[in-house]
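Both ligands and their constituent atoms are indexed starting at 1 by order of listing.
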Amino acid sequence: MALSIKDLITEADRCVACGLCLPHCPTYRKTGSEADSPRGRIQLMRAVAQEILPNNARFNEHIDLCLNCRSCESACPNNVNYGHLVDTSRAIFMRKKSIWQTIAKPFIRHRYLQYGLAWSVWLIQKLKLSNLLQYVVPAAKVLPAINMPTIWKTLYPSDHTQINKGDVSLFLGCATNTLDNQTLKASIYVLNKLGFNVHIPSQQTCCGSIARQMGDSYEAEKLIAQNQAGFADNMPMLTVASGCGAGLNDYLPKHNVQDISAFLMACDWSAMKIQTLAKRIYVQDPCTLRNVQKSHQTVYSLLKKIPQADIQPLAGNGQCCGGAGAYMLTQNDMATNLSNDKIIAIKEDNVAILATSNIGCSLHIATGLRAQNLNVTIEHPIEIIAKQVGFVGIL
Ligand code: SF4
Ligand code: SF4
């Protein structure tokens with residue numbers, strides 16, 4: 001739930017303006033403007049909440065340019081909850097609704113529209129009409145090559161008839177379900193093989209993060225309430241996209257929300273035969289996994305289970321890639337500027353395989369790579385390890 005104006009002012013008052021967060025802020029590093037820093041934005045939010053400054057276009061620009069990457073939160077010695085401050089400011093003060101908000105809203109809310117979109121994109125790609133689509137809708141350049149859409153069962157039982165480790169539920173996520181069902185299939189495959197029954201509640205919907213980012217807290221809360229009703233609160237609720245995991249962790253605290261890599265690292269793998277993979281794999285840390293869920297290290301630990309795999313962090317992992325949900329569409333200049341830093345790091349280290357746990361990062365970095373004709377395989381860590389334990393792409 002977004003804060004009240006009174007609570008926003010109280011939380012903003014906790015900022016002692018020490019400036020320790022400034023070097024960690026990507027937008028401040030790029031523009032050098034105090035108004036694009038966490039400290040500056042907090043002062044602006046408080047001044048607008050107290051009606052000392054007007055809620056005008058300039059204020060909105062500085063808040064819109066924030067990625068909500070929450071690097072500032074990780075650096076803050078006073079634990080100022082910047083995420084709640086910016087979510088609240090967007091909910092209360094955002095004046096102009098973006099075109100993307102209008103377009104995205106029905107797709108976020110209705111799963112049958114997501115399936116319709118997935119089938120349309122899949123068909124367009126099969127008919128080799130992607131260039132025509134990008135000509136009509138330039139934003140379609142972010143779309144990856146997708147698999148045939150999947151209608152999920154509500155239960156995928158464990159492979160083991162005797163060893164049953166229990167039940168987990170899997171959160172699909174609208175972007176992952178539409179554009180990367182391979183990662184979801186890989187997750188089910190590994191969980192079943194480890195002895196877990198995987199439930200896919202049919203009532204689930206979008207996590208609400210995109211709606212919240214666009215200032216529509218009413219819509220975000222409706223989506224959270226639907227997920228709350230759809231998922232059992234006593235069963236681990238696993239997410240594969242760290243962006244969804246972060247939003248659900250923040251706004252569905254009574255549910256046992258866990259990133260899939262963190263959950264798998266706590267499991268017993270002793271009976272699992274993992275094939276060797278003598279390759280170097282670089283890992284990109286999504287901000288939502290690093291700064292919000294704080295479980296990015298489990299991705300490295302999980303991939304290190306693969307014999308002979310050399311697991312390395314991508315240089316500059318502390319800085320957001322610029323994907324940030326809808327940011328890559330609404331703030332294209334800054335988003336591209338930030339993804340260029342990732343492309344430089346990828347080129348400098350001759351990266352051939354990049355693992356990332358967030359579909360938004362994957363789409364955004366892949367768009368930058370395609371623009372420079374660079375051939376890098378980007379995969380979710382679960383897909384990489386699933387292939388080493390026998391996953392061939394089908395369930
Ligand atoms: S969330 Fe990220 S972009 Fe926004 S102020 Fe904090 S560090 Fe800067
Ligand atoms: S580090 Fe924390 S207290 Fe210091 S300026 Fe940044 S938000 Fe304020």
Side-chain angles (χ1 to χ4, degrees), residues 2-3 7-50 58-94 209-210 212-215 242-243 245-247 249-251 284-294 296 316-342 358 360-361 364:
L3 305 172
D7 290 342
L8 185 154
I9 294 167
T10 306
E11 187 61 26
D13 280 344
R14 296 183 56 246
C15 171
V16 295
C18 65
L20 289 174
C21 53
L22 266 61
H24 301 270
C25 175
T27 56
Y28 177 71
R29 283 212 292 260
K30 293 292 180 188
T31 69
S33 163
E34 175 74 16
D36 293 324
S37 78
R39 180 174 66 185
R41 288 188 177 112
I42 291 169
Q43 307 300 324
L44 287 174
M45 290 187 250
R46 179 172 48 203
V48 169
Q50 292 172 327
R58 281 185 70 194
F59 168 70
N60 274 241
E61 268 166 33
H62 294 299
I63 300 302
D64 285 348
L65 197 66
C66 171
L67 296 138
N68 207 359
C69 68
R70 292 163 72 173
S71 279
C72 47
E73 251 183 53
S74 292
C76 178
N78 229 18
N79 297 320
V80 173
N81 192 331
Y82 181 87
H84 272 163
L85 286 175
V86 78
D87 282 350
T88 302
S89 291
R90 284 177 170 159
I92 300 176
F93 304 126
M94 215 148 161
S209 297
I210 299 273
R212 194 172 293 108
Q213 180 185 31
M214 292 180 167
S242 61
N249 257 305
D250 269 357
Y251 291 91
Q284 182 259 349
D285 296 344
C287 307
T288 37
L289 200 60
R290 189 184 173 100
N291 301 323
V292 186
Q293 299 189 80
K294 302 192 190 300
H296 57 293
N317 256 340
Q319 178 175 290
C320 179
C321 69
Y327 192 96
M328 67 178 103
L329 301 173
T330 57
Q331 299 287 337
N332 193 256
D333 289 349
M334 180 60 81
T336 305
N337 190 328
L338 290 167
S339 83
N340 283 342
D341 291 349
K342 299 293 168 196
N358 193 37
C361 308
H364 189 50

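- In this structure the side chain of Glu73 never reaches within 4.5 angstrom of the side chain of Val292, judged on heavy atoms.
- For atom 2 (Fe) of ligand 2, the nearest non-hydrogen atom of the protein is Cys76 SG, 2.4 Å.
- Between Asp87 and Asn68 there is a side-chain heavy-atom pair separated by less than 4.5 Å.
- Remark: minimum distance from atom 8 (Fe) of ligand 2 to any protein heavy atom is reached at Cys15 SG, 2.3 Å.
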Using side-chain contact (heavy atoms from CB on, under 4.5 Å), reason through Thr88 and Asp7 one step at a time and then give a plain yes or no. CA-CA 10 Å; Thr88 302; Asp7 290 342; over 6 Å; no

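- The closest approach between Ala17 and ligand 2 falls below 4.0 Å for a heavy atom of the residue.
- In this structure, Ser33 has no side chain to side chain donor-acceptor pair (under 3.5 Å) partners at least two apart in sequence or on a different chain.
- With hydrogens left out, the protein atom closest to atom 3 (S) of ligand 2 is Val16 N, 3.4 Å, a heavy atom.
- Among protein heavy atoms, the minimum distance from atom 5 (S) of ligand 2 is reached at Gly19 N, 3.2 Å.
- Taking the charged nitrogens against the carboxylate oxygens, Glu61 and Arg58 have no contact shorter than 4.0 Å, which rules out a salt bridge.
- Note on Asp341 versus Lys30: salt bridge recorded, some NZ/NE/NH1/NH2 to OD/OE distance being below 4.0 Å.
- Using a 4.0 Å cut-off between heavy atoms, Ile42 contacts ligand 2 through its side chain alone, with no backbone atom that close.
- Atom 4 (Fe) of ligand 2 has its closest protein heavy atom at Cys18 SG, 2.3 Å.
- Between the side chains of Arg41 and Thr27, at least one donor N or O lies within less than 3.5 Å of an accepting N or O.
- No hydrogens or angles considered: a donor-acceptor pair under 3.5 Å links the side chains of Asn249 and Gln293.
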Stepwise salt bridge (charged side-chain N to carboxylate O under 4.0 Å, His left out) check, Arg70 with Asp250: CA-CA 13 Å; Arg70 292 163 72 173; Asp250 269 357; 2.7 Å; yes

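- Against a heavy-atom cut-off of under 4.0 Å, Pro77 is close to the following atoms of ligand 2: 1 (S).
- Panel detail: atom 6 (Fe) of ligand 1 has protein N, O or S atoms under 2.8 Å away, 1 in number.
- Between Gln43 and Cys15 there is a side-chain heavy-atom pair separated by less than 4.5 Å.
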